[in-house]
Amino acid sequence: MSSQIPQNHKAAVAEKEGGSVNIVDVPTAKPGKGEILVQLKYSGVCHTDSHALIGDWPAHASFPLIGGHEGAGTVVALGEGADKYHQIGDPVGLKWLYSSCLNCDFCAAGTEPNCQKAECHGFTKNGTFQQYAITDASHATPIPKGLPLDAAAPLLCAGVTVYKAIKVANLKPGQTLAISGAGGGLGHLACQYARAAGLKVIAIDTGDEKKKLCDSYGVSAFVDFAAEKDLVAAVKAASEDGLGPHAAVVAASGAKAYEQALEYLRPTGVLVPVGLPPNATIKMDVFWSVFYSKQVRPSYVGNREDAKECLQIADEGKVKVQYKVKGLSELPQVYDDMHHGRIAGRIVLDLAR
Ligand code: NAD
Ligand code: ZN
């Protein structure tokens with residue numbers, strides 16, 4: 001490896017599930033076959049990182065763990081065969097998927113997140129809350145050269161996830177999409193990708209700051225889930241014919257959003273579950289689900305093409321991440337703010353401080 005690559009680098013390490021995160025020096029590894037070493041400059045903080053650390057999901061991360069899966073940096077070393085995908089100096093992004101087998105039915109069909117051998121940054125593999133990270137070259141996403149790395153980082157999970165979820169909703173321009181959690185990391189990008197696709201948006205979240213942010217994207221209405229007494233009626237009333245939106249992307253961190261979405265959707269409406277609140281269930285009465293023909297189509301991140309497309313749209317200036325930059329050492333405070341719903345848009349960590 002080049003002499004400029006340090007022996008050790010700074011990382012945010014959690015020793016155990018439910019434990020604290022400490023900034024420590026860790027050894028910089030050499031990339032193996034098919035892998036690259038990326039010098040990371042920025043990483044977004046996704047609510048998933050908090051779930052992984054707390055351990056409130058039925059699936060559990062491997063510990064000790066370096067979390068994070070919205071990384072942006074440049075390639076500084078190539079393992080054997082990795083030059084098929086990237087060259088030294090290329091700007092790349094690290095997303096949720098570290099690797100997949102690229103050979104099974106799921107990978108062949110472009111549903112690689114469902115590959116049974118998929119590995120994930122910040123969950124089964126060390127992630128992006130560190131200055132240098134190893135990743136599988138095949139899944140690292142090229143970042144368009146015009147897109148600054150800090151502005152690109154949150155697109156690697158939040159962006160690609162909602163871009164894909166809107167595809168799954170499969171609406172026509174002019175139709176109405178409800179976005180629940182609209183002022184959060186995923187939600188504020190969903191508002192923009194939906195508007196870029198010609199959809200009308202009913203944004204659901206809480207507080208003046210998030211309302212202002214959503215309004216700036218030209219949403220048709222903002223419904224405050226904490227202040228509104230009858231949220232279902234308010235969302236229906238905000239749709240053009242009063243029957244409710246054609247689809248809902250639920251990117252909320254609270255479980256109640258799912259119950260409400262099934263109620264406010266119009267007949268034949270599509271619920272796209274994206275947010276993963278712990279202990280949440282989707283209950284559908286069989287009679288009414290048939291009578292109203294509502295559908296549930298869950299969406300799990302996106303594939304390599306989705307990632308490239310979502311970055312391309314941002315590079316064209318149609319979508320802009322709303323973010324504040326903080327230091328790596330501020331990660332515990334970021335999690336606290338996230339739990340209390342105090343973050344409008346995304347927090348991006350500057351990994352140099
Ligand atoms: P975030 O904390 O940035 O945003 C969540 C938003 O939901 C906040 O603005 C909050 O105010 C809002 N909210 C909470 N309860 C609500 C309710 N009842 N109704 C409407 N809004 C409500 O979180 P994020 O990083 O955007 O992630 C959101 C969720 O999506 C997390 O559970 C995360 O794990 C999940 N996620 C899923 C995928 C996937 O592939 N399906 C990918 C990334 C993240
Ligand atoms: Zn994420």
Side-chain angles (χ1 to χ4, degrees), residues 43-54 56-57 59 61 67-71 93-97 111 113-114 118 120-123 127-128 153-165 168 178-191 202-211 213-214 222-228 231-232 234-235 248-261 264 272-280 297-303 306-307 310 321-324 334-348:
S43 175
V45 184
C46 178
H47 213 116
T48 290
D49 300 314
S50 161
H51 291 297
L53 177 62
I54 296 171
D56 61 6
W57 281 344
H69 57 276
E70 287 185 347
L94 274 55
K95 55 187 171 56
W96 177 243
L97 250 66
T111 56
N114 301 108
C120 304
H121 287 117
F123 207 74
T128 58
L155 298 170
L156 273 307
C157 177
V160 65
T161 299
V162 298
Y163 174 66
K164 172 68 192 306
V168 168
I179 298 172
S180 180
L186 268 63
H188 87 289
L189 291 168
C191 291
I202 299 172
I204 307 165
D205 211 310
T206 188
D208 288 345
E209 194 185 358
K210 291 178 184 172
K211 177 181 184 325
L213 184 61
C214 294
F222 179 89
V223 178
D224 190 315
F225 74 85
E228 185 58 60
L231 182 131
V232 171
V235 173
V249 167
V250 176
S253 49
K256 191 137 198 252
Y258 280 103
E259 274 169 48
Q260 293 165 331
Y264 61 62
V272 185
V274 171
L276 297 166
N279 306 314
R297 292 186 209 149
S299 188
Y300 177 33
V301 289
N303 65 21
D306 296 321
C310 118
V321 179
Q322 169 69 29
Y323 64 99
K324 285 193 184 122
V334 175
Y335 283 146
D336 194 55
D337 288 343
M338 192 171 253
H339 291 153
H340 290 93
R342 289 192 288 254
I343 301 170
R346 214 25 144 206
I347 298 296
V348 171

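Starting from 1, each residue takes its place in the sequence as its number. In listed order, ligands and their atoms are each counted from 1.
- Distances from ligand 1 to the non-hydrogen atoms of I343 include no value under 4.0 Å.
- Atoms of ligand 1 lying under 4.0 Å from at least one heavy atom of G254, given by number and element, are 14 (C), 15 (N).
- C46 places none of its side-chain heavy atoms less than 4.5 Å from the side chain of W96.
- Atoms of ligand 1 lying under 4.0 Å from at least one heavy atom of A251, given by number and element, are 5 (C), 28 (C), 29 (C).
- Annotation: side chain of Y323 is not in contact with side chain of I347 (no heavy-atom distance under 4.5 Å).
- In summary, the atoms of ligand 1 found under 4.0 Å from a heavy atom of C157, numbered by their order in the structure, are 42 (C), 43 (C).
- Using a 4.0 Å heavy-atom cutoff, G181 is listed among the residues neighbouring ligand 1.
- With the Zn ion (ligand 2) as the vertex, atom SG of C46 and atom NE2 of H69 span an angle of 110° (nearest 10 degrees).
- The nearest heavy-atom contact from the protein to atom 22 (C) of ligand 1 is F225 CE2, 3.4 Å.
- Between L186 and ligand 1, at least one N/O pair is under 3.5 Å apart.
- Nearest protein heavy-atom contact of atom 20 (C) of ligand 1 is S180 OG, 3.2 Å.
- Short contacts between ligand 1 and G184, defined as distances under 4.0 Å to a heavy atom of the residue, involve ligand atoms 3 (O), 4 (O), 9 (O).
- Contact check on K210 versus D224 returns no salt bridge, with no Lys/Arg side-chain nitrogen under 4.0 Å from an Asp/Glu carboxylate oxygen.
- Under 4.0 Å from ligand 1, not a single heavy atom of Y258 appears.
- With respect to atom 3 (O) of ligand 1, the closest heavy atom belonging to the protein is G185 N, 2.9 Å.
- Annotation: side chain of K164 is not in contact with side chain of N303 (no heavy-atom distance under 4.5 Å).
- For ligand 1 and V274, the ligand atoms under 4.0 Å from any heavy atom of the residue are 30 (O), 35 (C), 36 (N), 37 (C), 38 (C), 39 (C), 41 (N).
- When A182, S253, A52 are checked for heavy-atom proximity to atom 5 (C) of ligand 1, S253 turns out nearest.
- At least one donor-acceptor pair under 3.5 Å links the side chain of E70 to the backbone N or O of A158.
- Ring orientation note: the planes of H51 and W57 are close to parallel, at an angle under 30° on the 30°/60° scale.
- Considering T48, D49, T128 as possible partners of H69, the one that fulfils the side chain to side chain donor-acceptor pair (under 3.5 Å) test is D49.
- Applying the 6.0 Å contact sphere to CD of E209 captures no more than 12 heavy atoms from other residues, nucleotides or ligands.
- Between T161 and the choices L189, V301, L155, the side chain to side chain contact (heavy atoms under 4.5 Å, CB included) rule is met once, by V301.
- Below 3.5 Å of separation, one finds no N or O of G345 facing any N or O of ligand 1.
- Counting only heavy atoms from C-beta outward, the side chains of Y300 and T111 never approach each other to under 4.5 Å.
- In this structure, CG in L97 is found 10.5 Å from SG in C157, a value given to the nearest 0.5 Å.
- The shortest separation from a heavy atom of S299 to ligand 1 is under 4.0 Å, placing the residue in contact.
- With D205, V223, D337 as candidates, the residue nearest to atom 11 (O) of ligand 1 on a non-hydrogen basis is D205.
- With a heavy-atom cut-off of 4.0 Å, V301 touches ligand 1 through backbone and side chain alike.
- Residue-to-ligand polar distances place R346 within reach of ligand 1: an N/O pair is separated by less than 3.5 Å.
- Considering both main-chain and side-chain atoms, A252 never comes within under 3.5 Å of ligand 1 through any nitrogen or oxygen pair.
- Here's the thing with Q260: none of its N/O atoms is less than 3.5 angstrom from an N/O atom of ligand 1.
- Near M338, with a cut-off below 4.0 Å to any heavy atom, the atoms of ligand 1 are 2 (O).
- Nearest protein heavy-atom contact of atom 44 (C) of ligand 1 is T48 OG1, 3.4 Å.
- Rounding to the nearest 0.5 Å places NE2 of H121 at 10.5 Å from OG of S43.
- Contacts of Y300 with ligand 1, taken as heavy-atom pairs under 4.0 Å, involve both backbone and side chain.
- Between K210 and ligand 1, at least one N/O pair is under 3.5 Å apart.
- Here N279 contributes atom CG and D56 contributes atom CG; the two are 8.0 Å apart, rounded to the nearest 0.5 Å.
- Nearest protein heavy-atom contact of atom 30 (O) of ligand 1 is G275 CA, 3.3 Å.
- Within the 4.5 Å cutoff, side-chain heavy atoms of I54 are placed close to those of H339.
- Y264 places a side-chain heavy atom less than 4.5 Å from the side chain of I204.
- Exactly one of V321, L186, V160 qualifies for a side chain to side chain contact (heavy atoms under 4.5 Å, CB included) with P154. That residue is V321.
- Looking from atom 2 (O) of ligand 1 to the surrounding protein, the closest heavy atom is H47 ND1, 2.7 Å.
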